[in-house]
Structure formats: structure tokens, C-alpha cells
K.L.:
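Supplied in C-alpha cells, the structure appears directly below.
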Number of protein chains: 2
Amino acid sequence: MGATIKDIAKIAGVSKSTVSRVLSNNGKYSNQAKEKVLKVAKELNYQPNEIAKAMVTRKTGNIAFVIYHKIKPVITYPFFTPIISSLIETATNNNYGVFVFTERDINDPFKTIHEKRVDGVILASRINAEIVEAFKSQNIPVMLLNPFVEIENTSYVESDEYSGSMDAMQYLFQKGHRRIGFVQGFWKERYINDRYSAYKDALMQKGIEFDENLVIEVDEVSMETGRNAADAFMRLSELPSAIFAASDLLAIGMMKQFKKSGFSIPKDIAIVGFDDIEMASIYEPALTTVRVNKELMGELAVRQLILMMNMDEDQSQCKKQITLPTSLVVRDST
Amino acid sequence: MGATIKDIAKIAGVSKSTVSRVLSNNGKYSNQAKEKVLKVAKELNYQPNEIAKAMVTRKTGNIAFVIYHKIKPVITYPFFTPIISSLIETATNNNYGVFVFTERDINDPFKTIHEKRVDGVILASRINAEIVEAFKSQNIPVMLLNPFVEIENTSYVESDEYSGSMDAMQYLFQKGHRRIGFVQGFWKERYINDRYSAYKDALMQKGIEFDENLVIEVDEVSMETGRNAADAFMRLSELPSAIFAASDLLAIGMMKQFKKSGFSIPKDIAIVGFDDIEMASIYEPALTTVRVNKELMGELAVRQLILMMNMDEDQSQCKKQITLPTSLVVRDST
DNA sequence: TCGAAAAATGGGAACGTTCCCTATTTAACT
DNA sequence: AGTTAAATAGGGAACGTTCCCATTTTTCGA
């Protein structure tokens, strides 16, 4: 099979300690030894065995990304696709491997992850305190990504949903809209619900009375439920002049349904989404939406986790809670 | 830290051999020993160390997926997203972890993968004989997914692009089209180019003369190059009545550009795509396209690889070359 | 040229498993 | 009860590294 340090040592006529020192550039060795070892290593096409290394250093060089989410195949979910992509890219560039787990694929993510002996985990969405504690108690650094609930004393990266939603609402006001609807999924599961709060606060600040008939809750975020939401709005005696959908998938589903029912967007009804998924710019009319920097979220999550993994013990020292700014992208749906 | 077999052995009052036998259910042991061991293991919240296991069994339980492709962040590339998703799902369900590598992220995928000591690899797209041989010579089972070139004596899963393309052409003929354009990317890199062959063969069979003005090559597959292709068609003295785009991204880019230039689809020009990416059904008009079963491709690739990994030595015994059927999905663009 | 300090090297334990081989216990049959 | 076979248990090497510690070699100043 593959050559080992022992093979190199034998051929180069030095001890395996010396070979190890040369190859990992750790400790003292003579130039002569270095040359011999590197030459032989090259000849034998030596590839270090990360498994053996992991055995003694107790670092595998792998991390896990777990999405605790109801949605089906999560990698194809348009909000997560770019996050996972940038996450893997950043990790790979730093010599880390990434395991992606989704709640539904696995009976007990904790068990599986623990067996794989990852050096750290990134947990997304619908996490809770017990899950986080399970990892922390095993001394596995935890980084949260867009957590639905607040967990104290834990690093996270999220986006500023409140201010993004405020921007969306201000923009609609500026366009002259007063009667504005709101749609969102995952109602009860979110302890933090900045999008909804911002919607209500914006109305209040503008002195517009909150009308609960204009607020629709769907139990899943998809284009299908977006269509249903549009139907619900069309059943009202009077349609709102604009709708703020707290997710692009809902927004696009709604646009489809409104168009199908003969309404024109944005003439008859204006739609604003949230997330800025890829489809938002491709669909016609292109969707005005609040852009979340998904690529940066993935990247920062990995960077911060790497920081935490490298400072063994006392990770609390480098706790970091990042809230990324969002930006309103104005397109054709408003 | 975590409890080990040795800890269990000490507390249960048996040898670590016995503990190992009980936990891995391999070899003989008494009921009494079993009970004691399992009880202690539970008490200590024992989690097996897969790293140590990998060290001795020489199986890591991990596989690598490598896309040799020009395109940028490959996980977000709509053709690959569902493939990677189903690949990871299938692997996870079979207790395998998946590392995803893309050519551009990594200087030398072979080196990295080899260091990670995966049990097998799935290689996609623009592979070549040397790459495949590099893995095979290290006794790492190789499974190809949608390979651009033919590699002898190697298992693969692909889709029947020739017959899918034929179906598309037949359908256009049936709709009365005679003057049909063709667009594709990655021209020179494909040794196998069934889509283009089918286009030409279909014309010939129908007795329509091949007109190379109606064939456009783009050097990258994206909506942007699709737009360019549409522009190129519009510069012709006479527009074809239909265009077969060998990729949905190109098709959608073209539709966008045609619409922007005031043409109506399918009234002024009909468009057929290939792949059936998610956007194909969402964009309006919804795209008629040749559906490739991407989910099944990912699943079968993993299943076959697992088969190969489990039969140590003599993998040639279970070589399998799978060509999945495609199906024409008729929507609104034709 | 000698001695001490510095530099380089080597030996071997450790990481947590598995698995082979040997030793012990138990069972079974005369 | 005695012999043998079968069942169970234990000891220890091995997997390929790293890293500590002891030993050897080199360097350099007096």
C-alpha cells in the first residue's frame, strides 16, 4: 500500500522521529537529514496518513454542519445552497473537511457527529439549548448560523433581519403603500422573529393601524404555501396594495398565483421578499427583496469556528456574535 | 474526555477484548459479559472512536465527491445541487460521510483526498484517464458520474442524452418545426457529445439539411452566455422557429433575451432545454425540457460505490455501467 | 585540545481500536 | 469422574503518527 514514515526512515537511514520532524517541520533536524528524507518521501510518493495523525493529535481536521430544519432536502433549499457552498469552500481552503447533516436524514445527529470525531460544529436554524449543550459538554466548539432562538454564551452569525425588514417597509411607504400585508412561515418555532416585529413596528411608527386580517401564517416555507397565501389575500374584501413576504419562496409563489388570477405585478399589487435567493432575480418580474449575504455568513461561520478550534480550552475567550447588515435590492415587483 | 473501551473493561471487570467483542457484536461472548458491558457502556455514555477503528480496519467510512469542472461554486450550480443533495442523503443513510471537492478550491484534489483516506471516490464531469488511474493505482474504488469522456473498465452512471435529445427533436418536428437551432457549451472538452450528435442525426433522418449557421457554441454554460446566444440568433437574416438548447441555463438565458427584444415564446420562437433544473418549471413561460433524473444519479452512484468498497480486491468483478433513461417534459415554451 | 553547551538524533510510549493466538472455563459424553 | 471438545476470556501486537526524553554528535570558546 502507501508508504509510511517507517518506510522512509528505513530507506533514508534515519529514525522515524527524524522523518516526522522533517515532514511536519517541527523540531530540530540537519539539512542533510532534511534532504535525504524529502528525497525518499518524494520517491515513495509518500502521503501522510491523516487518520493516524488524528489519533495522536486528537484533531481530525473535519467539521460538521447540521441543519435542524423541517424542510426536505436541505441542500437544494435555495436559501441554504449558497451558504453550504461558501461554507465548504472556506473550510476546504483552510484544510478542513465538512460533513453535512440534516435532521431528517439521521436519527441522532449528535451520536453520528460524535463518532466521526469532528473538531467543531456549525448548527443552523431550529436549534435549542440542549442540542448546543450536548456538544459543548463534550468540549466541541459550537458556532450557530441564523439560530431561531437565542442561546447565551455562544458564538453565532446572523443577519440583521429587523433593520432589513424596516428598510423594506420604509420603501413600501415611500412608494405610497399604506395597506400592506405580511406572510411568514415557522411562526411558533421562532423565539426571535425580527421580521414580524419590524413589520408591526414600522406600521406603528407610521401611524397605520395594525390589521390582523393582513397577516398570514403558513406552516412551511415553499412556493406552494406562497400560492395559498395569495389565495387567502384574494379572498379578502379588499386586496392590500403591497405585501411583505418574509421569504422569497413565499413571494415568488404569491406572484405566480396573482399573475395566474389575472393580477399584474407591481401594477395591481406590489411584492417584497426576503433572502434574495437566486430565483428572485431570474423570475419575471424580478423580485424586490431584502438581500442576506449568504456567502459571507457561511464564510464567517467557518472562520470563527476555526478560531475557536485552535484555541483549546477557554473558548469563551473568543466568543463572537456577528450580525451582518442586509440591503434592500429594488427590482421590478414594486 | 470520552470513555474508551479500556474504561469500560476496567469497570465491568472484563478484558478490553471482551468489550470489543460485545460492542461490535463480533466473536463469542457470554450473556453475562454482554449485560455487564452494555450496562457500563451506557453509564459512561460511551461513543466509539471511529478514528481509532479506521486506523486498524483501514476503512474510514468516508467517501469523496469531486467535480472536475470549470464552473464556479459548483454546489450552487443548479444541475449539481440536487445530485449532491441525493448523494449526501444516500451516503448518510448508509453511514458514510461525504467530502465535496471542486477542482478550483484545491490545488491537488488527489493529494487532499488521499490524505483524508476516503474509502472511495465519485468523480464527475471533466475527468480524464490519468485522474482515474491515480485513484485506482492506490486501490481506491472509483465511480464516475456523468463523465465527459469514456474510461474503460470503470463503473459509471450517466443519463441517456442521445435518446433524450432525439425525443426533444422529434417533439419539435411534430410541432411542425423544420428550421431548428442548437446551442451548447463545453464543445471541445466533451469526447462524448450525444446531444449534438442527436441533433444532427435527427435532422438527417428527417431529411433536413444541416445548417451550421444555426449551431452556436458558447464557452461556458450560464444564463449570460444564453443571452449572447439569443443575440447571435437574432443577428441571423431569418430566426429559426425553434431552438434546442443543450442546457436549461442556456435556454432560460435565451428566453430572457428574446422576451426582452420583444419576441414572444413560444409564439415567435419555441425553446427546448436539457436537464430540467428547478428554475425550468418556475420561470415563465415554464420550459419544455429533457428531464435528467439527477436524484437517482446521485443515489445510484453512491450505492454502486458502496458495493465496490465492500468487495475488497477484485472490484472489476462488480463493475457496472448505468445509463438512466431521460424523459421529455412538455411545458409552455414550445 | 578539551569541555561544555547546543544541535541533532533515536528509542519508545501513547492514541483507541481490532484481531490473532493462547489460556482458561464450561459443557458434554463416555 | 475423567477426558475431550467447545465456548469464552485475556494478552498483546498492530495500525501510522507525534512527542517526550535520553543519548549521541557537533560546535565553539577558552
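Quick note on labels: first sequence line is chain A, next is B, and so on, each numbered from 1.
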K.L.:
Roughly how many Å is it from CD in A:Q32 to P in C:dG10, rounded to a whole number?
P.N.:
11 Å
K.L.:
Can you figure out which of C:dA8, D:dA9, D:dG16 approaches the side chain of B:S30 most closely?
P.N.:
D:dA9
K.L.:
Determine whether more than 12 heavy atoms belonging to other residues, nucleotides or ligands lie under 6.0 Å from atom CD of A:E150.
P.N.:
no
K.L.:
Under 4.0 Å: is that the gap between some side-chain N or O of A:N26 and OP1 or OP2 of D:dC19?
P.N.:
yes
K.L.:
Assign each of A:S15 and B:N49 to its nearest nucleotide of DNA chain C by heavy atoms, then name whichever residue's nucleotide is nearer the 5' end.
P.N.:
A:S15
K.L.:
Calculate the interatomic distance between B:E115 atom CD and D:dG16 atom P; express it in whole Å.
P.N.:
16 Å
K.L.:
Is the cationic atom of A:K294 (NZ for Lys, CZ for Arg) positioned less than 6.0 Å from the six-membered ring centroid of A:F79 and within 45 degrees of its normal?
P.N.:
no
K.L.:
Taking atom types as modelled, find out whether B:T154 and B:K136 have a side-chain donor-acceptor pair closer than 3.5 angstrom.
P.N.:
yes
K.L.:
How many Å lie between CZ on A:R21 and P on D:dC21, as a whole number?
P.N.:
14 Å
K.L.:
Under 4.0 Å between a side-chain N or O of A:R58 and OP1 or OP2 of C:dG16?
P.N.:
yes
K.L.:
To the nearest Å, how far apart are B:L44 CG and C:dG16 P?
P.N.:
14 Å
K.L.:
Could you state the atom-to-atom distance from CG of B:N31 to C1' of C:dT26 in whole Å?
P.N.:
15 Å
K.L.:
Give the rounded distance in Å between these two atoms: NZ of B:K59 and P of C:dG16.
P.N.:
24 Å
K.L.:
B:A33 side chain: which of D:dT17, D:dA9, C:dT17 is closest?
P.N.:
D:dA9
K.L.:
Please pick, from D:dA9, D:dT18, C:dG16, the nucleotide with the shortest atom-to-atom distance to any side-chain atom of B:M55.
P.N.:
C:dG16
K.L.:
Between B:D119 (side chain only) and B:G61 (backbone N and O only), is there a donor and an acceptor less than 3.5 Å apart?
P.N.:
yes
K.L.:
Would you kindly give the NZ-to-C1' distance between A:K10 and C:dG11, to the nearest whole Å?
P.N.:
16 Å
K.L.:
Decide yes or no, distance alone: a donor-acceptor N/O pair under 3.5 angstrom between the base of C:dG11 and the side-chain of A:S17.
P.N.:
yes
K.L.:
Counting side-chain heavy atoms from CB outward, which of D:dT18, D:dG11, C:dT17 is closest to A:S24?
P.N.:
D:dT18
K.L.:
Is A:T18 near enough to C:dT9 that one of its side-chain N or O atoms lies under 4.0 angstrom from OP1 or OP2?
P.N.:
no
K.L.:
Can B:K39 and B:E35 be counted as an ion pair, charged N to O under 4.0 angstrom?
P.N.:
no
K.L.:
Using atom NZ of A:K16 as one end and atom C1' of C:dG10 as the other, report the distance to the nearest whole Å.
P.N.:
9 Å
